[in-house]
Engineer: 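If you scroll down you'll find the structure; I have some questions about it.
Please read all numbers here as calculations on a predicted model, not as lab measurements.
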Amino acid sequence: MRWLVGWSSIAASFGTVGSVGRQGEERTVHPVGSQLLWGDPDPLWAVGDWRPDEIRVITVATPQGAPTARLAVLGCCGATDEQLRVGLLAARGGALRHLTAWAGSYTAVVQIGRRITVAGDLAGARPVFHTPWANGTAYATAALPLADLIEAQLDIGHLAALLACPETPEALGDGTPYEGVKRVPPGHALILREGSREVTGYEAVASLAVAAAQIDPVSAVEGVRDALVEAVRARLTAPRHAPETLPPDPGPVPGMGPADRRAARGAPVPGIGADLSGGSASATLALLAAGLPGLPGTVLGHGTGAGERLLAVTFNDLTAQDLEDEMERARVIASNPRLHHVVVAAGEEALPYAALDNGPLTDEPAPTLVVAERHRRRLAAGSADHFVGHGAREVLDAHPARLADLLMDRRRRHLLRPVAALARAEGASAHSLFVPLAVYRAARRLARTSYRSGLETAAGLLPDANRYAPDLATPADASLASLAWSRPGPAARWLTGEALAEVSVRLQEAAIRPTSVQRPGEARARAALARHAAGQRILEQAAEIRSQRLHAPFLDNQVVRAARALPESLRVQPGARAAILRRVLGGAGIHDLPPGWGTPSQATSTAAGRIGLRTALPELIALFDAPLLADAGLIEARVVRKALRAASEGEPLPLDGLAELASTELWLRRLVNRRGTCWTGTAAPRQRAVAGGVVPARRTLQP
């Protein structure tokens, strides 16, 4: 786990080399395992196993040598030193967007005198947190260290909102699971001036009354292509790193080659690799990284390096069925001579809910915790720098609520193809005949519903979520449920009435709060992206392989910006994501793709989740025998155990909701059982977050 932390306070000196207190003792506090980037009066540290090239500090000094402006960029950034200096000068004038316009995934921190600016990303994969501390404000890219710093307790209300409405920013607000620790929303920056704080947005917000100018579809797709190519190029041109020293190789083992023994010891392969699942997103990144034109290393300027082939890893789930077509597509793509194909086969040991006791404590809870072991087995066979296609669906696809945006712009004819595709997905039945009319009526209702009315309606329905929860058995049902400003999450049906009532109060308060209202489709799409990016961040922590870096270019700022410029009429068409990525590859000179490329495979993960739940049912029942969620008043253990048994027997219950409950309970237990703290020094906190290891009791709502 890697993070940065710093603070801004009224005092001129506190924390780096220490300050003398009233009794003459030295008061110091600094994070464990950190390296100081700059010191007093407003220090900044980098904590964790950062690579040397992942930390870049640019300083602009006066003729006398005193620093006047400093810029720290942590992560993978494709900008040159000169571009960083230009961005620093632009930030001095208030142009914060320049700090987020470079290729790659990174966090930028600017210090100009006593003013500090920390810019978050657009997707939410690199968030920024802050909390009041020591007559000032402390900030970090992880919430747990700040919770340790202020000895925070759990925020049970936020956990309830996270389970009841995970894709509704109005219910979550700017909170975190820790009381007093706040989150900077995606697309915003935190500005500190001698302890005072301000959160400001750096992206332009589209008007609700006037439609934004539509970019030509060809130019928009070319923008996505250029952004994605530059994102991949930024990773390829970075210095290469070999894994750190590992335990010695035990020697020949029957049935295991050198690569298998290395993976068993938990070390990635040196070089660059990528997932290759046979889908459109991972295949696009693998082919771009393997044959991106213009890169040095080979005679023709192709490939990842001199004589180097990109390692393509395909995960073969032996417990799943109907994977032949996907595996065949991966095999055809991997026949590229610049790819070295590795197939990781796994059975029940890699199912969801496997090895729940072996994972580390993550910064926050997320449903990805129950599939961490599944991903860890795949990534253990990967490279030191490994590309993953996560985020492509949320960045490129159209959220169903965008149909309402089309109606607001009077573009009814663009609804024909997506509505017809939903009707075909229903199959030949009497119900499918009414799908187009039902979808159109729901989209028109959402287009005519104001932001305040939509949230108030959702707040009124939420207390009855256990009875109101819709059946999402078909794509049409899921699309109809998504055509709303807010809807209960899949785990809401198992929450207590008290927990749902408190989340309902949050929505009612948000409805009357002044805000910059976006179009319903755009707002829902951004919330879904933020939810996925948060889950991806937690997955990287839960399935972390030492000396390995996961790269998700689809979540980069420039890729997200380019994708947002795509016309909505293009997004809502069936197969739009595969068509866009096909044109991206065509622009890079890659045209030969296997038949069926881009076919969605979401049903496979659902089947694996059901098999994993059935296999791990005894462990899950034991997990909810005396759950901490029940002690906090969020669930009734008996109801959840009954739901687990019913789902394992094949009853059509939302598996995503059960995964969220299991992940949150698992995270709570790891948090309570943790030892140590993130800080050291004579003035360090004496207690860690969730002091005493006790989950606070649920408070009673006041009428």
Engineer: Under a 4.5 Å cut-off applied to non-hydrogen side-chain atoms, are L44 and Q111 in contact?
Structural biologist: no
Engineer: So R197 and T137, side chain to side chain donor-acceptor pair (under 3.5 Å) or not? Walk me through it.
Structural biologist: CA-CA 7 Å; R197 57 189 173 275; T137 300; 3.1 Å; yes
Engineer: Is the backbone N or O of E167 less than 3.5 Å from a side-chain atom of R531, with the two atoms forming a donor-acceptor pair by type?
Structural biologist: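 Not at all, since once roles are kept as given, no pair shorter than 3.5 Å links the two residues.
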Engineer: Under 3.5 Å, is there a donor-acceptor pair linking the side chains of R183 and T176?
Structural biologist: no
Engineer: Measure the CZ-CD1 distance between R85 and I58 for me, rounded to the nearest 0.5 Å.
Structural biologist: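 Between atom CZ of R85 and atom CD1 of I58 there are 5.0 Å.
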Engineer: For T100 and Q558, which heavy atoms make the closest approach, and how far apart are they?
Structural biologist: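 Taking T100 first and Q558 second, the nearest heavy atoms are O-OE1, 4.2 Å.
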Engineer: With rounding to the nearest 0.5 Å, note down the distance linking CD in E619 to CG in L666.
Structural biologist: 12.0 Å
Engineer: Between R670 and P360, is there a donor-acceptor pair closer than 3.5 Å when you use the side chain of the first and the backbone of the second?
Structural biologist: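 Yes.
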Engineer: If you apply the rule side-chain contact (heavy atoms from CB on, under 4.5 Å), what do you find for I272 with L311, and how did you get there?
Structural biologist: CA-CA 7 Å; I272 294 180; L311 178 66; over 6 Å; no
Engineer: Would one find more than 12 heavy atoms of other residues, nucleotides or ligands at under 6.0 Å from atom CZ of R92?
Structural biologist: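 No, because the 6.0 Å sphere around CZ of R92 holds 12 heavy atoms or fewer from other groups.
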Engineer: Regarding E544 and Q548, is there a side-chain donor-to-acceptor distance under 3.5 Å anywhere?
Structural biologist: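 No, Q548 and E544 have no side-chain donor paired with an acceptor closer than 3.5 Å.
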Engineer: Given L4, which of V47, V109, L37, V128 fulfils the side chain to side chain contact (heavy atoms under 4.5 Å, CB included) condition?
Structural biologist: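 Single side chain to side chain contact (heavy atoms under 4.5 Å, CB included) partner of L4 among V47, V109, L37, V128: V109.
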Engineer: Between the side chain of E179 and the main-chain N/O of D155, is any donor-acceptor distance below 3.5 Å?
Structural biologist: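 Not a single qualifying donor-acceptor pair exists.
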Engineer: Which pair of non-hydrogen atoms, one from D275 and one from H386, has the smallest distance, and what is that distance?
Structural biologist: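 The pair with the smallest heavy-atom distance is OD1-NE2, 2.8 Å.
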Engineer: Taking G535's backbone N and O only, do any of them form a donor-acceptor pair with T368's side chain (distance below 3.5 Å, no angle check)?
Structural biologist: yes
Engineer: Centres of the W7 and W45 rings: under 6.0 Å?
Structural biologist: yes
Engineer: Hey, is the main chain of A143 close enough, under 3.5 Å, to the side chain of D363 for a donor-acceptor pair?
Structural biologist: yes
Engineer: Ignoring hydrogens, what is the shortest heavy-atom contact between S105 and D556? Give both atom names and the distance.
Structural biologist: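 That closest heavy-atom pairing would be CB-OD1, 3.5 Å.
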Engineer: Within the distance-only criterion (no hydrogens, no angle test), does the side chain of N557 pair as donor or acceptor with the backbone N or O of L122 below 3.5 angstrom?
Structural biologist: yes
Engineer: With distance as the sole test, does R56 use its side chain to make a donor-acceptor pair with the main-chain N or O of E54 at under 3.5 Å?
Structural biologist: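 It does not hold such a pair.
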Engineer: Hey, does W133 have a side-chain heavy atom less than 4.5 Å from the side chain of V29?
Structural biologist: yes
Engineer: Step through the shown structure and confirm whether more than 12 heavy atoms of other residues, nucleotides or ligands are within 6.0 Å of CG on D81.
Structural biologist: yes
Engineer: Measure the spacing between CG of L172 and NE2 of H158 and express it to the nearest 0.5 Å.
Structural biologist: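 Separation between the atoms: 5.5 Å.
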Engineer: Please round to the nearest 0.5 Å and tell me the distance separating atom CG of D631 and atom CD1 of I156.
Structural biologist: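 Result: 10.0 Å between the selected atoms.
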Engineer: So that I can tick it off, tell me whether E198 and R193 are bridged by a salt bridge, with the cut-off set at under 4.0 angstrom between side-chain N and carboxylate O.
Structural biologist: yes
Engineer: Consider only side-chain N and O atoms of R114 and S8, and report whether a donor and an acceptor are under 3.5 Å apart.
Structural biologist: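 No.
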Engineer: Thinking salt bridges, do E540 and R537 make one under a 4.0 Å N-O criterion?
Structural biologist: no
Engineer: Mark yes or no for whether E373, through its side chain, and P352, through its backbone, hold a donor-acceptor pair below 3.5 Å.
Structural biologist: no
Engineer: How far apart are the closest heavy atoms of F387 and A289, and which atoms are they?
Structural biologist: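 Where F387 meets A289 most closely, the heavy atoms are CE1-CB, 3.9 Å.
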Engineer: If you round to the nearest 0.5 Å, how far is CG of L163 from CG of L629?
Structural biologist: 6.5 Å
Engineer: State, with a plain yes or no, whether a side-chain heavy atom of I116 is found less than 4.5 Å away from one of I191.
Structural biologist: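 In short, these two side chains do not touch, never coming nearer than 4.5 Å.
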Engineer: With no hydrogens and no angle check, is any side-chain donor or acceptor of W38 less than 3.5 Å from a backbone partner on D42?
Structural biologist: yes
Engineer: Is there side-chain contact between Y178 and T131, with at least one heavy-atom pair below 4.5 Å?
Structural biologist: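 The answer is no; the side chains never approach within 4.5 Å.
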Engineer: Heavy atoms, side chains only, cut-off 4.5 Å: are R674 and D148 in contact?
Structural biologist: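 Yes; the side chains approach each other to less than 4.5 Å.
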Engineer: Would L190 and F129 count as a side-chain contact (heavy atoms from CB on, under 4.5 Å) if you check the C-alpha gap in whole Å, the side-chain angles of each, and the deciding distance to 0.1 Å?
Structural biologist: CA-CA 9 Å; L190 175 66; F129 304 90; over 6 Å; no
Engineer: Side-chain contact test, heavy atoms from C-beta onward, threshold under 4.5 Å: evaluate it for V118 versus V184 and give yes or no.
Structural biologist: no
Engineer: Rounded at 0.5 Å granularity, tell me how far CZ in R526 sits from CD in E203.
Structural biologist: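 Atom-to-atom, R526:CZ and E203:CD are 7.5 Å apart.
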Engineer: Would Q83 and C77 satisfy side-chain contact (heavy atoms from CB on, under 4.5 Å), going step by step from the backbone distance to the final call?
Structural biologist: CA-CA 11 Å; Q83 290 174 326; C77 180; over 6 Å; no
Engineer: Is the shortest heavy-atom distance from the side chain of P177 to the side chain of P365 under 4.5 Å?
Structural biologist: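 Contact flag for P177/P365 side chains = yes.
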Engineer: Using modelled atom types only, decide if a donor and an acceptor are shared between the side chain of D121 and the backbone of G124 within a distance under 3.5 Å.
Structural biologist: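 Yes: the side chain of D121 pairs with the backbone of G124.
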Engineer: Please find the pair of heavy atoms, one from A350 and one from R377, that lie closest to each other, and give the distance.
Structural biologist: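 That closest heavy-atom pairing would be CB-CD, 3.6 Å.
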Engineer: Determine, step by step, whether D385 and R235 satisfy the side-chain contact (heavy atoms from CB on, under 4.5 Å) criterion, reporting the C-alpha distance in whole Å, the side-chain angles of both residues, the deciding distance to 0.1 Å, and the verdict.
Structural biologist: CA-CA 8 Å; D385 289 277; R235 274 79 174 189; 5.9 Å; no
Engineer: Looking at side-chain heavy atoms only, is the closest gap between I112 and V110 below 4.5 Å?
Structural biologist: yes
Engineer: Taking all non-hydrogen atoms of both residues into account, name the closest pair between G391 and L555 and its distance.
Structural biologist: CA-CD2, 3.9 Å
